[in-house]
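In this text, all values refer to a predicted model and were calculated from it rather than measured experimentally. For ligands, and for the atoms within them, numbers begin at 1 and follow the listed sequence.
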Amino acid sequence: MFKSILRPIIRQNNNNYYSSLLILRQLSSSSSSSSSSSGQSSPNRIDNVLVIGSGLMGSGIAQSCATSGKFQSITLYDVNDKQLGIAKKSIAKSIEKLYAKGKVDIESVDSAVNSITFSNRTDPKSTDNLLIVEAVPELLDVKQKIFANLYDQFKDNPTVIYATNTSSLAVKDIGLSVPVKDRYAGLHFFNPVPLMKLVEIVKLVDTSDQTVESLRQFVADIGKVSVQCRDTPGFIVNRLLIPYSSEAVKMMERGDASVEDIDTAMKLGAGYPMGPFELMDMTGIDTGKFVRDAWLARNDPSLNIASSELVDKMVADGRLGRKTGKGWYDYSK
Ligand SMILES: NC(=O)c1ccc[n+]([C@@H]2O[C@H](COP(=O)([O-])OP(=O)(O)OC[C@H]3O[C@@H](n4cnc5c(N)ncnc54)[C@H](O)[C@@H]3O)[C@@H](O)[C@H]2O)c1
């Protein structure tokens, strides 16, 4: 029912969006293609992408860019050479799987993988209309330092957009060292990136509409759907999901219902595709705890969550969900 109501609205918005972009492009074709720092000119299409951090998320983001075939250059940067090698292998394997299932429209697996430059330097082939997406671990000082260095490197280029993929830190805090606030935003992908369609665009007070439009176009170019939100804890999805998971754990800890029955209840009673415990196992018990702990540290009573000794013990014991074979359920059999 929701789908049938929503679809026409989404299609209409997309049409409006593309026609607005077309008009804006036509208007700008006679003038310079570079954006001004005032945020007044038309959105630039992203031509080049630099991803910082080649872990789970960074490699997924680079992979999605590569299979879209929409960019002049894609650079995947990491400080760790070994990790770059791992990323190359895992991207090749993942594209191969998607190709075999007919889920990506590419010339060949090799050409898609080779469209990514795996580098231990932040040196994209071209810096015109460059989008930088930072995806390094959730450590504020590390992220801040990265953006300070990147801004220093690209400060003379007014077409660079700076974005962070943070899940639990304030986007604003990460970007303190980026003076071009109109060209800085959050770009929150979901795991596994090649399969998950959603990207949250986090617009700060000073992020220009032009930057948001460029990011919307970028997300559409890689075959995903964007939503826009403000810089608040958890953005949209996690703000709803983390308290929901926390409440499910509390319910089970109180003995009100079992793990299995809570999952069954939410699937059959609320129409969710999986129950809260199945979802926690899929996203990683440690990932959930990481976000929860970051929220608890904020001491904000509006964030409706509680700590759980049981969850802490599961993480300490390495019961992290599907990825370790055991979480709320046992996947080892
Ligand atoms: N894992 C998820 O489910 C998920 C979902 C959405 C967003 N995120 C966010 O994405 C970001 C990355 O998460 P991840 O799960 O990919 O982490 P990860 O640990 O898998 O990868 C991080 C990568 O960053 C590299 N790195 C560390 N310091 C660096 C530096 N100074 N310069 C360049 N590279 C550096 C590491 O070598 C590693 O390869 C985090 O902010 C996280 O909150 C994660």
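- The shortest contact between atom 29 (C) of ligand 1 and any protein heavy atom is with Val79 CG2, 3.5 Å.
- From the protein, the heavy atom lying nearest to atom 31 (N) of ligand 1 is Ile146 CD1, 3.5 Å.
- Of all the heavy atoms of Thr164, none lies under 4.0 Å from any atom of ligand 1, so neither backbone nor side chain is involved.
- Residue contacts with ligand 1: Thr283 is placed with no nitrogen or oxygen under 3.5 Å of a nitrogen or oxygen of the ligand (distance criterion only).
- Protein heavy atom nearest atom 2 (C) of ligand 1, with residue, atom name and distance: Met57 SD, 3.7 Å.
- The aromatic rings of Phe218 and Phe71 sit tilted relative to each other, their planes meeting at an angle between 30° and 60°.
- Here's the thing with Phe189: none of its N/O atoms is less than 3.5 angstrom from an N/O atom of ligand 1.
- Salt bridge status for Arg254 with Asp256: present, with a side-chain N to carboxylate O gap under 4.0 Å.
- Contact atoms of ligand 1 toward Tyr77: 32 (N), 33 (C) (distance under 4.0 Å to a heavy atom of the residue).
- Residue contact check: Thr166 has heavy atoms under 4.0 Å from atoms 41 (O) of ligand 1.
- Polar contact with ligand 1: present for Asn165 (N/O pair, distance under 3.5 Å).
- Remark: Arg121 engages Asp123 in a salt bridge, criterion side-chain N to carboxylate O under 4.0 Å.
- Checked for salt-bridge contact, Lys289 and Asp293 meet the test: a charged N lies under 4.0 Å from a carboxylate O.
- Among all non-hydrogen protein atoms, the one lying nearest atom 3 (O) of ligand 1 is Asn191 CB, 3.3 Å.
- No heavy atom of Glu134 sits closer than 4.0 Å to any atom of ligand 1.
- Residue Asn80 touches ligand 1 through its side chain alone, judged by heavy-atom distances below 4.0 Å.
- When each atom of ligand 1 is checked for a heavy atom of Gln83 under 4.0 Å away, the hits are 39 (O).
- With respect to the salt-bridge test (charged N to carboxylate O, under 4.0 angstrom), the residues Arg45 and Asp221 qualify.
- Of the protein's heavy atoms, Leu56 CD2, 3.7 Å lies nearest to atom 1 (N) of ligand 1.
- The His188 neighbourhood of ligand 1 comprises atoms 6 (C), 7 (C), with distances under 4.0 Å to a heavy atom of that residue.
- Remark: atom 17 (O) of ligand 1 lies closer than 4.0 Å to no protein heavy atom.
- At a heavy-atom distance under 4.0 Å, no atom of Lys145 approaches ligand 1.
- Using a 4.0 Å cut-off between a side-chain N of Lys or Arg and a carboxylate O of Asp or Glu, Lys313 and Asp317 qualify as a salt bridge.
- Counting only heavy atoms of the protein, atom 24 (O) of ligand 1 lies nearest to Pro137 CD, 3.5 Å.
- Of the possible donor and acceptor atoms, one in the side chain of Lys224 sits under 3.5 Å from a partner among the backbone N and O of Val193.
- When hydrogens are left out, the protein atom nearest atom 42 (C) of ligand 1 is Glu138 OE1, 3.7 Å; that is the closest non-hydrogen contact.
- Within the 3.5 Å criterion, the main-chain N or O of Leu241 finds no donor-acceptor partner in the side chain of Asn238.
- If you number the atoms of ligand 1 from 1 as listed, the ones under 4.0 Å from a heavy atom of Lys143 come out as 40 (C), 41 (O).
- Using bins of under 30°, 30° to 60° and over 60° for the plane-to-plane angle, the ring pair Phe277/Trp328 lands in the perpendicular bin.
- Proximity of a side-chain donor or acceptor of Tyr184 to a complementary backbone N or O of Gly175 within less than 3.5 Å is detected.
- By the 4.0 Å N-to-carboxylate-O rule, Lys323 lies close enough to Asp286 to be salt-bridged with it.
- Checked against Thr207 for a side chain to side chain contact (heavy atoms under 4.5 Å, CB included), the options Val212, Leu215, Asp231, Ile161 give a single hit: Val212.
- Of the protein's non-hydrogen atoms, the one nearest atom 39 (O) of ligand 1 is Asp78 OD2, 2.7 Å.
- Taking any N or O of Thr287, backbone or side chain, none lies under 3.5 Å from an N or O belonging to ligand 1.
- Heavy atoms from other residues, nucleotides or ligands lying under 6.0 Å from NZ of Lys250 number more than 12.
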